[in-house]
A.B. asks: 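Sharing a structure below in structure tokens format, with a few things to ask.
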Amino acid sequence: MTRLSLERALASAITAAPALLGCVLARRTKGGLRIARIVETEAYPPDDPACHAFRGPTRRNGAMFGQRGSAYVYRIHRSFCFNVVAGRVGSGEAVLVRAVEPVDGLALMEQARERSSVGRRAPRGYDLTNGPGKLCQALDIDLSLNGIDLLRSGADSPLELLPGSRVETIATTSRIGISVAKAAKLRFVIRRSPWTSR
DNA sequence: ACGGAGATGGACT
DNA sequence: GTCCATCTCCGTT
């Protein structure tokens, strides 16, 4: 996949969600570099009652109405969830990244997960990044990254989205954790990847 | 000013 | 399967 084809896929949440499988997230902090490959996504298109933007912009979902390729981060209970904004400015659509496969910086991810798990069993193996809240812990993604441009490259880019290599078979299922529009098959996973959630 | 809900995760039965 | 921690935001008073 080229950078151009990635940007083209971001024209809508529906096209972006499968296209983001296999793409790579590069997280840069003072501690060092963490690299992860996206293995599970969910599309939240406009006019979808399960989409946070469905009832128009608010302070929480404001970043969803920004430029395609920017980040939308929000808090749910104790956790954060990370989305890639798609569509046109103002359309209000995004792709939730639900699971990633660690590629590099594994020790940093383990430390970050352990830090968030004080008093509990330290997460190991697939448990490290196989859920939307878990990957945000492992990559230290929080509200400070809400709205940033993920397509900007450079040593000072805190979180960057990079095109991936072509992916194995993609499976499509219902989305997880929502209370409305449950039937839509808008969850995309790399088939047989052990790093997906559930 | 206040009550309720949530695209979750972890512990427990 | 059930329960609930913990916080931001929203809609309503």
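Per chain, numbering begins at 1; letters A, B, ... match sequence-line order. Heavy-atom basis, side chains included; hydrogens, waters and symmetry copies ignored.
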A.B. asks: Report the distance from atom CZ of A:Phe80 to atom P of B:dG9, rounded to the nearest whole Å.
C.D. replies: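 Rounded to the whole Å, the gap is 13 Å.
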A.B. asks: Just by distance, no angles: are the side chains of A:Thr196 and A:Ser193 close enough, under 3.5 Å, to form a donor-acceptor pair?
C.D. replies: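 Distance-only check fails for A:Thr196 and A:Ser193.
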A.B. asks: According to side-chain contact (heavy atoms from CB on, under 4.5 Å), who are the partners of A:Ala53, at least two apart in sequence or on a separate chain?
C.D. replies: A:Cys51, A:Met64, A:Phe65
A.B. asks: Going by side-chain hydrogen bond (donor to acceptor under 3.5 Å, both in side chains), name the residues that satisfy it together with A:Arg28, two or more places apart in sequence or in a different chain.
C.D. replies: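 Only A:Glu160 meet the side-chain hydrogen bond (donor to acceptor under 3.5 Å, both in side chains) criterion with A:Arg28.
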A.B. asks: Identify all side-chain donor-acceptor contacts of residues 74-81 of chain A below 3.5 Å with residues at least two apart in sequence or on another chain.
C.D. replies:
from    : atom 1 : to      : atom 2 : distance (Å)
A:Arg75 : NH1    : A:His77 : O      : 3.1

A.B. asks: Looking at residues at least two apart in the chain, or sitting in another chain, which of them share a side-chain hydrogen bond (donor to acceptor under 3.5 Å, both in side chains) with A:Asp142?
C.D. replies: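 Applying side-chain hydrogen bond (donor to acceptor under 3.5 Å, both in side chains) to A:Asp142 gives A:Ser144.
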A.B. asks: What is the distance, rounded to the nearest whole Å, between atom CZ of A:Arg198 and atom P of B:dA7?
C.D. replies: 13 Å
A.B. asks: Whole Å only: how far is the CE atom of A:Met64 from the P atom of B:dG6?
C.D. replies: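 Whole-Å distance recorded here is 16 Å.
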A.B. asks: Just by distance, no angles: are the side chains of A:Arg152 and A:Ser157 close enough, under 3.5 Å, to form a donor-acceptor pair?
C.D. replies: no
A.B. asks: How does DNA chain B read in dot-bracket, base by base from 5' to 3', with Watson-Crick or G-U pairs under 3.5 Å and | used when the partner is on another strand?
C.D. replies: ||||||.|||||.
A.B. asks: Below 3.5 Å is the cut-off: list the nitrogen or oxygen pairs between protein and nucleotides 11-13 of chain B, distance only.
C.D. replies:
from   : atom 1 : to       : atom 2 : distance (Å)
B:dA11 : OP1    : A:Arg121 : N      : 3.1
B:dA11 : OP2    : A:Arg121 : NH1    : 3.1

A.B. asks: In whole Å, what is the span from the CG atom of A:Leu135 to the C1' atom of B:dG9?
C.D. replies: 13 Å
A.B. asks: Going by atom types alone, do A:Thr29 and A:Arg34 pair a side-chain donor with an acceptor below 3.5 Å?
C.D. replies: yes
A.B. asks: B:dT8 C1' sits how many Å from A:Arg98 CZ, rounded?
C.D. replies: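 For the pair A:Arg98 CZ and B:dT8 C1', the rounded distance is 9 Å.
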A.B. asks: For DNA chain C, which residues in residues 84-96 of chain A have a heavy atom at a distance below 4.0 Å?
C.D. replies: none
A.B. asks: List in chain and number order the residues that pass side-chain hydrogen bond (donor to acceptor under 3.5 Å, both in side chains) with A:Arg3, two or more places apart in sequence or in another chain; answer none if no residue qualifies.
C.D. replies: A:Glu7
A.B. asks: How long is the line joining CZ of A:Arg55 and C1' of B:dA5, in whole Å?
C.D. replies: 13 Å
A.B. asks: Could you list the residues that satisfy side-chain hydrogen bond (donor to acceptor under 3.5 Å, both in side chains) with A:Ser174, not counting sequence neighbours?
C.D. replies: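 Scan of A:Ser174 (side-chain hydrogen bond (donor to acceptor under 3.5 Å, both in side chains), adjacent residues dropped) gives none.
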A.B. asks: Report which part of the nucleic acid A:Tyr44 touches: base, sugar-phosphate, or nothing (heavy-atom distance under 4.0 Å, all strands).
C.D. replies: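 Touches a base.
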A.B. asks: Test question: given the 4.5 Å side-chain rule for I, L, V, M, F, W and Y, name all other residues clustered with A:Val103, or answer none.
C.D. replies: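 Hydrophobic cluster check, A:Val103: joined to A:Val24, A:Leu33, A:Ile35, A:Leu162.
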A.B. asks: Is any side-chain heavy atom of A:Val100 closer than 4.5 Å to a side-chain heavy atom of A:Trp195?
C.D. replies: no
A.B. asks: Give me the other members of the hydrophobic cluster that A:Leu4 sits in, counting Ile, Leu, Val, Met, Phe, Trp and Tyr linked by side-chain heavy atoms under 4.5 Å, directly or via other members.
C.D. replies: none
A.B. asks: So, does A:Lys182 get its side chain near the phosphate of B:dA7, meaning an N or O under 4.0 Å from OP1 or OP2?
C.D. replies: no
A.B. asks: Quick one: A:Asp127 CG to B:dT8 C1', roughly how many Å, whole number?
C.D. replies: 13 Å
A.B. asks: Base, sugar-phosphate, or nothing: which does A:Arg113 touch, judged by heavy atoms less than 4.0 Å apart?
C.D. replies: sugar-phosphate
A.B. asks: Summarise protein proximity over nucleotides 3-10 of chain C in one line of letters, 5' to 3': B for base, S for sugar-phosphate only, - for none, counting protein heavy atoms closer than 4.0 Å.
C.D. replies: --BBSSSS
A.B. asks: Would you indicate whether the side-chain heavy atoms of A:Asp149 and A:Gln67 approach each other to under 4.5 Å?
C.D. replies: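 Heavy-atom side-chain distance check fails, nothing below 4.5 Å.
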A.B. asks: Do the side-chain N and O atoms of A:Glu40 and A:Ser197 include a donor-acceptor pair separated by under 3.5 angstrom?
C.D. replies: yes
